[in-house]
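See below for the structure under consideration.
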Number of protein chains: 2
Amino acid sequence: MPASERLGSHLKRAEQALGATKSAVLKPAGLTVAQYSALLHLSGNSGISAAALARLCGVTPPTMNTVLKNLQERALIERTPHEWHRNVLETRLTDEGRAVMADADARAVRVERALAAEFTDAERAELVALLGRCVAVLERERP
Amino acid sequence: MPASERLGSHLKRAEQALGATKSAVLKPAGLTVAQYSALLHLSGNSGISAAALARLCGVTPPTMNTVLKNLQERALIERTPHEWHRNVLETRLTDEGRAVMADADARAVRVERALAAEFTDAERAELVALLGRCVAVLERERP
DNA sequence: TGACGATCATTAGAGCTCTAATCTAGATTC
DNA sequence: GAATCTAGATTAGAGCTCTAATGATCGTCA
């Protein structure tokens, strides 16, 4: 089966282009794509646990742990024990984290707007629908 | 800008699902997705250089070097100096590499067929076209 | 001949990602 | 009350990925 017939190849290429562009535009902000993703979901869910944040970002807890460790070393986030559940660490943005996030978000949104501007409303909806069906069939095929 | 409006989020989720499924079906064959990709292009381009293989797979030469090192340790490939260009290493599948590749390919193609079967010809063409436009605009946006 | 440029290979270092395993703490159940 | 279950955090280890830098080789061109 030739690569050009494989939908997966096209999907992968598109995602690679997305990752490369996001990575490039986030570099001046001093964040990786994974770090931006974590801060983005964190900014809308202050005090969330690392495990919950991992679920939002679609990664595993150890992966999120790695990312958070780097963010904490740079003082962009802080993690404090939960009042009741002593086992849970609440994660929050610091003031500096909020500032870096605002800068990075502006850059990332610029890419998203450029991407969205390429398509009509109908095309965007069509693309989202097709991608959704890809996810559904792929999850069904998982052993 | 909410995540659900970001085309990038949908793209990323689809690619994550693809990667997770491919990774799961390739596991019994003993290959990672990156290793399968390398062997696949290698099977159609025997004697190719690592740098050229990296270009085919869409990764950097050091990345391909890492992947090839692991494949070589498992004796799935062999690398011999080029006759004339002493600096170039020719990479080839071993007999065992060919066998592993055949097994892995059957599993991977099964996923691709399931994915393709979800769509009509028109839908497939539409998806490929939309993804292609994504790549174009993303590469244009790269600083 | 010698300098330059292109291509390839490789190393070093940082970061992301996973699986598997372990540890803790709270909740449930018997 | 004790065993079990669930959920979160963490460590260990393997693998992929990148950028940056280095070194080797070949071809071209002055």
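Just so we're clear, the structure is a prediction, and the values are computed from it rather than from any experiment. Computed from heavy atoms alone, side chains included, the values below leave out hydrogens, waters and symmetry copies. Note on naming: letters A, B, ... go to the chains in the order of the sequence lines (proteins, then strands), and numbering restarts at 1 for each one.
Between B:Val33 and A:Lys12 the shortest side-chain heavy-atom distance falls below 4.5 Å. No side-chain heavy atom of B:Arg110 sits under 4.5 Å from any side-chain heavy atom of B:Val25. Residues B:Glu112 and B:Lys22 have side chains in contact (heavy-atom distance under 4.5 Å, counting atoms from C-beta outward). Contact of the B:Glu118 side chain with the A:Glu141 side chain is not registered, since no non-hydrogen atoms from C-beta on lie closer than 4.5 Å. Proximity of A:Leu127 to B:Leu127: side-chain heavy atoms (C-beta onward) are separated by under 4.5 Å at one or more points.
A:Gln16 has its CD atom 8 Å from the P atom of D:dT17, to the nearest Å. Rounded to an integer number of Å, the gap from NZ of A:Lys27 to P of D:dT19 is 7 Å. Distance CD (B:Glu15) to P (C:dT17): 12 Å, rounded to an integer number of Å. Rounded to whole Å, the distance from CH2 on A:Trp84 to P on D:dG8 is 17 Å.
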Name each donor-acceptor pair under 3.5 Å that joins a side chain in residues 43-56 of chain B to protein atoms two or more places apart or in another chain, with its distance.
residue, atom, partner, partner atom, Å
B:Ser43, OG, B:Leu40, O, 2.7
B:Asn45, ND2, B:His41, O, 2.8
B:Ser49, OG, B:Ala52, N, 3.1

Nucleotide-resolved protein contact map, nucleotides 8-16 of chain C, B/S/- at heavy-atom distance under 4.0 Å: BSBB---SS
